[in-house]
Amino acid sequence: MTGSAVRLENYEDIVGPDVIDELYVLAEKVRHRRFQHINSTPVGGGVAEILTRLVPLLRELGVQTAWDVIKGDSAFFNVTKAFHNALHGKPEEISEGMLEIYRANQEENLRDFHFTGDVIMVHDPQPAGLIAKKAEIGRQWIWRCHIDVSAPDPRVWEFLKPCIEQYDLSVFSMPDFAQRLTIPQVMVAPSIDPLSDKNRELLEGQVWRVLEKYGIDPERPVLTQISRFDRLKDPLGVIQAYRIVKKRYPAQLVLAGGGAPDDPEGAEVLAEVREAAAADSDIKVLELPPFSDLEINALVRGSTIVFQKSIREGFGLTVSEALWKRKPVIGGAVGGIKLQIVNGVTGFLVHSPEGAANRALQLLGDKRLRQEMGEAGHLHVKQNFLLTRHVKDYMLLLLALEYPDQDIVQV
Ligand code: UDP
């Protein structure tokens with residue numbers, strides 16, 4: 001798995017030369033270690049989005065980094081999607097047969113997989129069972145959890161926990177997510193790449209062309225949510241909020257998203273969304289193919305307000321993506337959205353469709369507030385959620401793993 005080429009120097013204008021120098025100093029210390037990432041999909045969703053940008057940047061720094069994806073059929077991904085929902089605390093029926101499907105997939109992947117890393121970072125529950133290989137090959141293993149597992153379904157958590165505790169280290173996106181574990185836990189927030197097609201600056205004409213392509217009127221307010229069609233992203237709640245707003249403003253709603261090979265529920269949720277939107281031509285439901293990054297970039301830049309009205313959320317990269325583009329974001333007060341939306345400063349945290357609608361009405365009536373929040377949001381992302389910070393954190397992890405018994409490592 002590889003992403004497009006990136007040059008580290010290009011980030012200098014955004015983050016300053018000191019940050020780049022520091023990355024080179026750290027890279028020198030960890031270059032001799034091979035760093036392998038393993039997840040369950042090459043495209044779709046936040047983990048693939050991050051790895052697509054992070055892996056090339058680490059390589060550019062000379063850190064030997066690989067990214068591999070486990071195999072899985074639809075039966076397996078049905079099980080892991082149920083696990084995903086259950087770990088987020090959503091009630092799910094988990095049968096013994098499902099656990100068996102997970103174990104069988106794990107056995108199959110263990111047979112075929114090439115473990116090339118000295119340090120192996122396994123992302124999320126789908127490939128977590130690969131840790132069984134540690135007894136045979138050793139190496140250092142990190143479980144990188146992108147999910148909010150603070151209130152998991154106990155059956156799934158108890159099933160996974162013994163496997164997770166075989167790892168040398170776990171990484172969570174924020175302290176709220178962590179669980180009581182016998183292994184060390186490290187907090188690393190995800191990130192966005194300011195130079196990717198998803199986030200880089202666009203010309204006004206590029207934005208307009210995309211709005212025009214989808215029949216969106218730039219003269220009227222545009223409310224947007226970019227998300228996989230997933231119930232936990234609450235697209236129907238967004239439509240409810242939009243309907244309230246529509247009574248006062250001639251707003252349009254864009255719900256844009258695609259699927260992910262490891263998310264089998266997408267088609268069903270998309271059908272529900274299309275049905276709810278059918279009677280209103282101002283609701284644009286856009287099913288985007290993978291790698292629609294420039295179009296997504298343009299859709300967000302052409303929006304007045306961005307929603308991420310999730311009911312449960314890991315991090316929610318879409319929030320930082322919108323804040324970076326100076327858009328006020330209205331988001332569900334859950335998971336990593338709470339790290340990104342400083343309530344009343346970079347956007348608003350809400351608990352219901354009505355709350356989302358009220359905040360949207362407030363923002364639509366106050367251009368200055370939108371601009372102030374946009375600036376604050378951009379700065380917040382710049383200080384906390386850019387790729388360069390993420391790369392630094394991972395290199396620090398590699399370094400720390402080399403000195404497991406030391407509290408302080410001199411660089
Ligand atoms: N995304 C995309 N196309 C889509 C829907 C989403 O490229 O049709 C991207 C989105 O811009 C973001 C990522 O996929 O970068 C989703 O990450 P997030 O953390 O918001 O949610 P997840 O899907 O991982 O739950």
Side-chain angles (χ1 to χ4, degrees), residues 3 39-54 77 80-81 83-85 87-88 90 123-126 144-149 173-174 177 188-200 210 214 224-235 238 254-267 269-270 273 284-301 303 306-325 327 329 331-332 334-341 381 385-387 390:
N39 80 323
S40 60
T41 174
V43 295
V47 180
E49 178 83 18
I50 291 168
L51 290 174
T52 302
R53 307 306 298 180
L54 186 112
F77 288 130
T80 55
K81 182 69 201 262
F83 276 19
H84 176 94
N85 289 338
L87 288 170
H88 269 302
K90 186 170 174 259
H123 296 259
D124 282 341
Q126 299 93 327
R144 202 314 174 201
C145 180
H146 296 269
I147 302 175
D148 175 358
V149 290
S173 296
M174 60 190 286
F177 289 7
V188 177
S191 66
I192 63 159
D193 183 348
L195 298 181
S196 65
D197 283 347
K198 178 77 60 67
N199 297 311
R200 68 180 166 81
V210 172
Y214 291 113
T224 298
Q225 175 159 299
I226 309 284
S227 272
R228 287 179 298 103
F229 290 100
D230 181 327
R231 290 196 183 89
L232 294 182
K233 309 283 184 184
D234 199 18
V238 174
V254 178
L255 290 170
D262 64 347
D263 177 5
E265 285 178 336
V269 178
L270 176 60
V273 170
K284 314 288 179 193
V285 181
L286 311 180
E287 194 185 359
L288 301 175
F291 307 113
S292 303
D293 293 5
L294 277 173
E295 287 205 348
I296 291 175
N297 187 343
L299 287 170
V300 172
R301 287 186 191 277
S303 300
V306 172
F307 284 112
Q308 190 53 60
K309 220 207 89 36
S310 307
I311 296 165
R312 295 276 198 287
E313 189 56 80
F315 183 69
L317 285 179
T318 49
V319 175
S320 276
E321 288 166 2
L323 293 177
W324 181 247
K325 299 175 185 74
K327 300 297 164 183
V329 182
V334 291
I337 295 178
K338 291 188 288 179
L339 283 181
Q340 302 171 82
I341 297 183
V381 173
F385 305 120
L386 291 187
L387 179 62
H390 203 169

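Whatever order the structure lists them in is the order used to number ligands and atoms, beginning at 1.
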message: I'd like to know if G316 contacts ligand 1, where contact means a heavy-atom distance under 4.0 Å to any ligand atom.
response: yes
- request: Please report the shortest heavy-atom distance between N297 and R200, naming the atom on each side.
  value: ND2-O, 2.8 Å
- line: Restricting to heavy atoms, the pick from D293, V319, I296 nearest atom 3 (N) of ligand 1 would be I296
query: Looking only at protein heavy atoms, which one is nearest to atom 12 (C) of ligand 1, and how far off is it?
result: E321 OE2, 3.3 Å
- request: Taking all heavy atoms of E313 and all of H88, pick out the closest pair and write down the distance.
  value: C-CE1, 3.6 Å
field: Atoms in ligand 1 with a heavy atom of R228 nearer than 4.0 Å
entry: 5 (C), 22 (P), 23 (O), 25 (O)
task: Give yes or no for whether the N/O distance cutoff of 3.5 Å, strictly under, is met between S227 and ligand 1.
output: no
- request: Specify the protein heavy atom at minimum distance from atom 6 (C) of ligand 1: its residue, its atom name, and the distance to 0.1 Å.
  value: I226 CG2, 4.0 Å
- prompt: What heavy-atom pair brings V334 and I311 nearest, and what distance separates the two atoms?
  reply: CG1-O, 3.1 Å
task: May I ask you to check if ligand 1 and L317 share an N or O to N or O distance below 3.5 Å?
output: yes
- request: Might you point out which heavy atoms bring Q340 and S320 nearest each other, and give the distance in Å?
  value: OE1-OG, 2.7 Å
- line: Near K198 (heavy-atom distance under 4.0 Å), the atoms of ligand 1 are 2 (C), 7 (O), 9 (C), 10 (C), 11 (O), 15 (O)
Closest heavy-atom pair and its distance - P190, H390: CA-CE1, 3.7 Å
query: Can you tell me which residue and heavy atom of the protein come closest to atom 21 (O) of ligand 1, and the distance to 0.1 Å?
result: K233 NZ, 3.0 Å
- prompt: Is there a side-chain contact between N199 and E321, using heavy atoms and a 4.5 Å cut-off?
  reply: yes
- prompt: Does a salt bridge link R228 with D262, judged by any charged N lying under 4.0 Å from a carboxylate O?
  reply: no
field: Min side-chain heavy-atom separation D124-S40 under 4.5 Å
entry: no
message: Below a 4.0 angstrom heavy-atom separation, can you tell me which part of Q308, side chain or backbone, both or neither, approaches ligand 1?
response: neither
- request: Would you please determine whether H146 falls within less than 4.0 Å of ligand 1 on a heavy-atom basis?
  value: no
- request: Look only at interatomic distance and state if G46 has a nitrogen or oxygen under 3.5 Å from any nitrogen or oxygen of ligand 1.
  value: yes
- prompt: When you check the side-chain N and O atoms of T80 and Q126, is any donor under 3.5 Å from an acceptor?
  reply: no
- prompt: Quick one: which ligand 1 atoms are inside 4.0 Å of a heavy atom on G258?
  reply: 4 (C), 5 (C), 8 (O)
